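Before any comments, here is the structure.
Bear in mind the structure is a predicted one, so any value in this text is a computation, not a measurement. All values below were derived from every heavy atom in this structure, side-chain atoms included, with hydrogens, water molecules and symmetry-related copies excluded.
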Amino acid sequence: MNKNFGGVIWTNHALQKLKERGIKQGDAWATWRRPDQSRKGKDGSWVYYRTYSGQKIEIVAKQNEKKEWLILSVWSKPVYGKKPESLLRLLFRRIFGK
């Protein structure tokens with residue numbers, strides 16, 4: 001595991017959670033870089049989500065005073081019974097943001 005993987009800074013906590021939870025650093029980075037969804041978290045952080053093969057990876061990240069991105073924490077959880085989104089629905093969401 002690399003503390004500066006992908007041009008962002010990974011906290012010791014995030015690296016430890018990756019290891020404990022068996023999440024690949026590249027998958028976590030891709031979740032942050034190209035999430036399916038994101039939302040504002042606490043204290044200026046953002047939570048990013050992406051689903052891979054029935055696992056939803058979640059990343060908590062924020063920018064420091066130098067505007068560098070920090071990955072603060074990472075976890076995953078299984079996704080059950082979720083059907084793939086239709087192409088029409090996906091296009092509608094992309095165009096209208098709903």
Side-chain angles (χ1 to χ4, degrees):
M1 306 258 173
N2 183 340
K3 284 188 71 101
N4 294 305
F5 182 86
V8 295
I9 300 166
W10 298 74
T11 63
N12 290 333
H13 174 80
L15 293 173
Q16 182 64 35
K17 295 304 174 187
L18 286 172
K19 190 175 183 180
E20 286 174 8
R21 295 168 177 160
I23 301 169
K24 295 177 186 174
Q25 194 170 19
D27 289 346
W29 179 84
T31 298
W32 170 78
R33 187 78 175 127
R34 299 195 65 116
D36 292 334
Q37 296 177 313
S38 63
R39 68 173 170 80
K40 198 160 181 67
K42 298 178 182 179
D43 301 323
S45 68
W46 284 87
V47 182
Y48 299 93
Y49 309 91
R50 188 165 177 167
T51 302
Y52 298 91
S53 303
Q55 287 289 325
K56 184 177 186 179
I57 295 178
E58 302 184 23
I59 307 295
V60 179
K62 70 186 265 184
Q63 286 184 302
N64 64 15
E65 61 282 346
K66 296 178 185 177
K67 300 294 182 193
E68 299 166 317
W69 279 98
L70 307 171
I71 305 297
L72 304 174
S73 193
V74 181
W75 62 91
S76 68
K77 55 185 165 185
V79 177
Y80 299 104
K82 186 173 182 177
K83 294 180 183 177
E85 188 170 41
S86 73
L87 180 59
L88 184 60
R89 177 72 178 134
L90 178 64
L91 288 172
F92 184 83
R93 273 194 325 109
R94 297 286 171 134
I95 293 169
F96 299 105
K98 295 182 180 184

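Rounded to the nearest 0.5 angstrom, W75 CH2 and Q55 CD are separated by 14.0 Å. Atoms CD1 and OH, from I23 and Y52 in turn, are 10.5 Å apart once rounded to the nearest 0.5 Å. Remark: I59 CD1 to K17 NZ distance equals 13.5 Å, nearest 0.5 Å. Separation of atoms CG (D36) and OG1 (T31) is listed at 8.0 Å; rounding is to 0.5 Å. Put simply, CH2 on W69 and CG on N64 are 10.5 Å apart, with the number rounded to the nearest 0.5 Å. Taken from CG in D27 to CH2 in W32, the straight-line distance is 15.5 Å, to the nearest 0.5 Å.
Applying the side chain to side chain contact (heavy atoms under 4.5 Å, CB included) test between Q63 and each of E65, K67, K66 identifies K67 as the sole match. Checked against S73 for a side chain to side chain donor-acceptor pair (under 3.5 Å), the options E58, Q16, H13 give a single hit: H13. Residue K3 is tested with N12, T11, I9 for a side chain to side chain contact (heavy atoms under 4.5 Å, CB included); the sole match is N12.
By the criterion of side-chain heavy atoms lying less than 4.5 angstrom apart, applied directly or through intervening Ile, Leu, Val, Met, Phe, Trp or Tyr residues, Y48 is not grouped with L70; the two fall into different hydrophobic clusters. Neither W10 nor V60 shares a network with the other; the hydrophobic side chains, linked directly or stepwise wherever heavy atoms of I, L, V, M, F, W or Y lie under 4.5 Å apart, form separate groups for each. Side-chain heavy atoms closer than 4.5 Å link hydrophobic residues (I, L, V, M, F, W, Y) into clusters, and following such links, even through other members, never connects F92 to L88.
Around atom NZ of K42, no more than 12 heavy atoms belonging to other residues, nucleotides or ligands sit under 6.0 Å away. For R21, the CZ atom sits in a packed shell: over 12 heavy atoms of surrounding residues, nucleotides or ligands are nearer than 6.0 Å.
For the residue pair R39 / Y49, a side-chain donor-acceptor distance below 3.5 Å is found, with atom types taken as modelled.
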| message | Evaluate K56 against Q37 for side chain to side chain contact (heavy atoms under 4.5 Å, CB included), listing each step before the verdict. | response | CA-CA 11 Å; K56 184 177 186 179; Q37 296 177 313; 4.3 Å; yes

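Side-chain atoms of Q25 do not come within 3.5 Å of backbone N or O of L18 as any donor-acceptor pair.
Shortest non-hydrogen contact noted between A28 and I57 is CA-CG2, 4.5 Å. For N4 against N2, the heavy-atom pair with the smallest separation is N-OD1, 2.8 Å.
The side-chain heavy atoms of K40 and W46, taken from C-beta on, include a pair separated by under 4.5 Å.
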